[in-house]
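Everything below concerns the one structure shown next.
Start at 1 and go down the list; that is how both ligands and their atoms are numbered.
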Amino acid sequence: MTHPVHTSASSDSDARRPLAPDTSRLDDRSARAWTESMAVRSLGAGRYAVESQSGATYMVNLSRSDCTCPDHEIRGERCKHLRRVAIEVTEGRVPPPGKKRADCAGCGRESFVPENGPELCGDCWLERGDLATDKETGDTVVVYRLTEELAHERYIEAADSTVADYPKNEGYPSDDPVVEVVYPFSDDADANLDERPRYAFPYSRLAVRDQMLIE
Ligand SMILES: [Zn+2]
Ligand SMILES: [Zn+2]
């Protein structure tokens with residue numbers, strides 16, 4: 001008489017799942033979206049070029065749920081190209097609308113970063129209220145906002161120089177995103193962030209801490 005053998009893997013069976021859906025249960029268009037050979041390329045502004053298995057290339061606008069193929073344009077169906085782009089976005093293979101692939105200006109890893117805005121990944125993104133240490137002075141500063149400008153683009157009137165050319169910033173990349181910060185513990189302790197003078201820093205001059213200022 002044999003007994004069932006319990007391996008350690010069987011106790012993890014709840015965590016096991018197939019990567020692709022069971023295509024026999026999908027409607028035809030969804031199954032084709034998963035199984036056909038297609039190449040998806042992001043063109044920006046929510047648009048994607050899809051080279052289909054037949055060799056034809058169609059333009060998908062994901063934000064508008066639009067595709068240039070006959071199935072969509074003539075029959076008005078949510079075609080396999082639209083579905084394929086949605087799958088590839090969900091799987092992280094192509095950037096979602098509003099994002100592009102680039103090396104993060106903070107950590108250097110290839111990531112999806114905003115199309116228009118600081119080229120920072122989700123891990124390096126800064127929020128208003130994040131506490132940071134100024135690497136040059138050791139001062140504690142509070143992030144007011146991340147800007148869309150780069151250090152060599154932002155002019156500091158009081159210093160008659162750009163953020164990049166400002167003496168203490170010369171060791172940091174001139175294409176760093178500019179971060180506006182305030183000094184939270186100086187002068188009037190009751191003043192809120194909006195009332196305090198703001199200073200423009202290159203991103204890498206700040207050592208961001210795992211703490212936030214509670215306003
Ligand atoms: Zn289509
Ligand atoms: Zn990063």
Side-chain angles (χ1 to χ4, degrees), residues 23 26-133 135 143 145-151 172-181 201-212:
T23 49
L26 297 178
D27 68 59
D28 187 50
R29 284 187 180 82
S30 289
R32 284 160 172 261
W34 278 98
T35 58
E36 287 190 5
S37 296
M38 297 189 226
V40 177
R41 195 157 43 89
S42 171
L43 303 175
R47 293 166 62 249
Y48 301 81
V50 180
E51 195 187 325
S52 71
Q53 190 160 282
S54 68
T57 297
Y58 300 108
M59 297 298 160
V60 163
N61 187 319
L62 200 57
S63 315
R64 291 197 205 139
S65 284
D66 195 37
C67 181
T68 54
C69 77
D71 190 35
H72 182 84
E73 291 210 313
I74 297 165
R75 289 187 281 279
E77 291 289 342
R78 190 172 156 76
C79 64
K80 60 189 178 188
H81 314 107
L82 260 171
R83 293 170 196 230
R84 177 60 166 258
V85 173
I87 291 166
E88 298 220 5
V89 166
T90 306
E91 299 287 316
R93 293 165 56 95
V94 295
K99 296 274 181 86
K100 64 182 177 188
R101 197 187 294 273
D103 291 338
C104 170
C107 64
R109 283 178 306 179
E110 192 183 78
S111 326
F112 296 150
V113 303
E115 239 163 41
N116 310 299
E119 295 193 348
L120 293 169
C121 75
D123 291 341
C124 297
W125 198 259
L126 298 180
E127 299 287 351
R128 175 187 166 113
D130 281 340
L131 283 176
T133 306
K135 291 178 186 171
V143 172
R145 71 182 187 108
L146 256 175
T147 75
E148 294 183 9
E149 291 165 297
L150 304 179
Y172 302 99
S174 64
D175 58 353
D176 254 15
V178 169
V179 187
E180 289 180 0
V181 305
F201 277 59
Y203 180 90
S204 356
R205 185 171 155 179
L206 301 171
V208 181
R209 302 190 212 152
D210 232 2
Q211 295 169 301
M212 279 192 88

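- Between E119 and K100 there is a side-chain heavy-atom pair separated by less than 4.5 Å.
- Closest to the Zn ion (ligand 1) among the N, O or S atoms of H81 is ND1.
- No donor-acceptor pair under 3.5 Å is formed between the side chain of S204 and the backbone N or O of Y172.
- A search for salt bridge (charged side-chain N to carboxylate O under 4.0 Å, His left out) contacts involving E180 returns R145, R154, R198, not counting sequence neighbours.
- R128 is linked by a salt bridge (charged side-chain N to carboxylate O under 4.0 Å, His left out) to D194, E215, counting only residues two or more places apart in sequence or in another chain.
- Around the Zn ion (ligand 2), the two atoms SG of C104 and SG of C107 are separated by an angle of 110°, to 10 degrees.
- Among the atoms of C67, an N, O or S atom falls under 2.8 Å of the Zn ion (ligand 1).
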